[in-house]
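What follows is one structure encoded as structure tokens, with my remarks underneath.
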Amino acid sequence: MSSCTSKQVLEKINVDVKRHSKMMKAAYGAYENLFMSQKNRPKAMEYFDWFMKEFQGERIVEIDKVKQQGKPAIGTFCIFVPEEIVVGAGGACFGLCGGSQMPIADAETELPRNICPLIKSAHGFKLQRTCAFTQSSDFIYGETTCEAKKKTWEILNKHHKTHVMYIPHMKREQDLKTWKNEVKEFKKHIEEVIGRDLSYEEMVEGIEIINRKRDALLRLDKLRGFNKEVMPISGKDALFVVQASFIDEPVRFTEKVNLLCDELEERLSNNVSVYEKDTPRLMVLGTPFALPNWKLHAAVEDSGGVIINEESCIGHRYYKDNVNLENIKDEESLMDELVDRYSKVDCACFTPNEGRVEKIIQMYKDRKADGVIYYTLSFCHTYNVESFLVKEKLAEAGIPCLTIESDYSAEDVGQIKTRVEAFLESISFQQKAKKFQEGL
Ligand code: BJ8
């Protein structure tokens with residue numbers, strides 16, 4: 001597909017093409033600096049390098065074709081929206097832009113300054129018309145997970161058709177019943193776009209496609225972080241793959257991730273590591289890393305550490321559970337299994353959110369990690385408050401933890417790097433002291 005065609009599509013969906021092209025140049029420049037300068041990258045990352053260049057170009061042309069066939073294109077901000085239903089209808093379900101500082105000043109003309117940067121960034125992208133995914137959406141599906149989000153949808157709806165899914169904040173029986181009705185309503189909205197009922201078989205197919213995508217991501221997660229001596233891929237590259245999972249075509253994406261995993265398996269058996277054997281291996285816990293938020297990963301990996309897992313919605317929380325197809329025999333049981341799968345998401349919007357801490361400790365043990373960073377986007381109250389309970393348990397388990405609260409601006413880059421360096425130094429010191437003691 002020629003770039004001229006991409007441009008025509010961008011114009012058709014009313015993207016501010018000039019501003020969009022400036023933004024994409026800046027984003028791609030940052031990607032070249034941070035990603036393509038890395039040494040010894042897996043060859044299979046070439047596809048993802050191409051995707052970074054084309055996700056707002058050829059991918060948008062692809063989505064436009066989907067729409068021309070009368071199939072849905074749905075924009076989301078949260079992993080609670082059941083993408084299986086959209087994919088079952090032959091449509092495209094994608095996460096909207098929300099990881100850049102660039103549109104925030106525009107967003108602050110309508111939103112308060114002191115709310116989470118993810119929401120402001122996403123809203124600003126709409127005001128500027130610089131996210132081709134937002135512009136492609138038949139409608140946006142918001143949810144009631146946090147205060148700032150649910151109020152923003154009322155304002156966003158003035159600019160772009162926005163439906164809101166009610167996500168309960170508890171997981172009692174009555175909450176799950178309400179949730180099931182919300183999933184059914186979501187299906188109705190998709191049927192309105194396609195102008196017919198969605199069949200049971202189509203929904204099963206959607207589930208199969210997305211299950212396979214999550215399986216591939218889980219495979220990558222294990223290959224990336226379970227070996228203490230060999231790190232076959234950098235944390236930055238693995239993060240980008242997960243970020244791409246929210247916008248790429250799922251069947252092709254799954255195939256490319258599995259090819260990458262094949263290569264990583266080979267690297268593991270041949271001891272090909274991108275970092276030295278004693279590099280401190282960290283897990284990151286907390287809020288999502290929307291594309292192109294690479295700030296923390298860059299700080300860690302430029303300071304001599306490596307990130308081996310994100311306990312985040314752009315990460316393990318997204319792909320850890322699949323829909324159980326074995327229990328599905330009709331549409332009602334299919335809806336039950338969807339709700340069952342989605343209610344396993346341990347977002348801090350739930351109270352209580354039991355199980356998250358135990359899961360984190362288990363993940364830490366499985367990976368034999370050396371420390372964790374509890375990362376919260378500024379003004380995300382749920383994750384910020386919940387960090388107290390998580391850190392308490394981590395301390396009991398003797399797990400080193402650094403807390404970082406940040407936004408998308410460049411202002412605190414130096415400060416974060418200094419704190420990360422000090423954290424990595426203290427981990428290395430403890431490791432050396434342990435080895436010395438063991439040698440005595
Ligand atoms: S399931 S984490 S994607 S809500 S927008 S809650 S960072 S203040 S994104 Fe999330 Fe769904 Fe939960 Fe995951 Fe905080 Fe910001 Fe709100 Fe946020």
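Just the heavy atoms: all of them, side chains too, but no hydrogens, waters or symmetry mates, feed the values below. Here the structure is a predicted model, which is why all the values come from computation and not from measurement. Counting starts at 1 for both ligands and their atoms, following the listed order.
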Ligand-residue contact atoms, ligand 1 with [X], heavy atoms, under 4.0 Å:
X	answer
P288	9 (S)
C347	1 (S), 2 (S), 4 (S), 12 (Fe)
T287	7 (S)

Which is closest to atom 4 (S) of ligand 1 by heavy-atom distance: T144, I115, T145?
T145

Would you please test F240 and Y31 for ring-ring contact (aromatic ring centres under 6.0 Å, His included) and show each step?
CA-CA 10 Å; F240 183 72; Y31 183 87; 5.0 Å; yes

With no hydrogens and no angle check, just 3.5 Å: does a side-chain donor-acceptor pair link Y275 and R281?
no

Would D248 and Y47 count as having a side-chain donor-acceptor pair, cut-off 3.5 Å?
yes

Exactly one of R317, K320, R367 should register a salt bridge (charged side-chain N to carboxylate O under 4.0 Å, His left out) with D221. Which one does?
R367

Identify the protein heavy atom lying closest to [atom], giving its residue, its atom name and the separation to 0.1 Å.
atom	value
atom 14 (Fe) of ligand 1	C380 SG, 2.3 Å
atom 16 (Fe) of ligand 1	C146 SG, 2.3 Å
atom 17 (Fe) of ligand 1	K149 CE, 4.3 Å
atom 2 (S) of ligand 1	Y383 OH, 3.3 Å
atom 13 (Fe) of ligand 1	C313 SG, 2.2 Å

Please work out which of the three classes, parallel, tilted or perpendicular, describes the rings of F350 and F80, given edges at 30° and 60°.
perpendicular

Is [X] touching ligand 1 with its side chain, its backbone, both, or neither, if touching means heavy atoms under 4.0 Å apart?
X	value
I119	side chain
A348	neither
C78	both

Is A148 near ligand 1, meaning one of its heavy atoms is under 4.0 Å from it?
no

If you count every heavy atom of other residues, nucleotides or ligands that lies below 6.0 Å from K53 atom NZ, does the total exceed 12?
no

Quick check on E147: does its CD atom have over 12 non-hydrogen neighbours (other residues, nucleotides or ligands) under 6.0 Å away?
no

Can you tell me how far the NE2 atom of H163 sits from the CZ atom of F186, to the nearest 0.5 Å?
9.5 Å

Just checking: C116, one of its N/O/S atoms, less than 2.8 Å away from atom 16 (Fe) of ligand 1, yes or no?
no

State plainly whether the residues K187 and E331 are in salt-bridge range, i.e. N to O under 4.0 Å.
yes

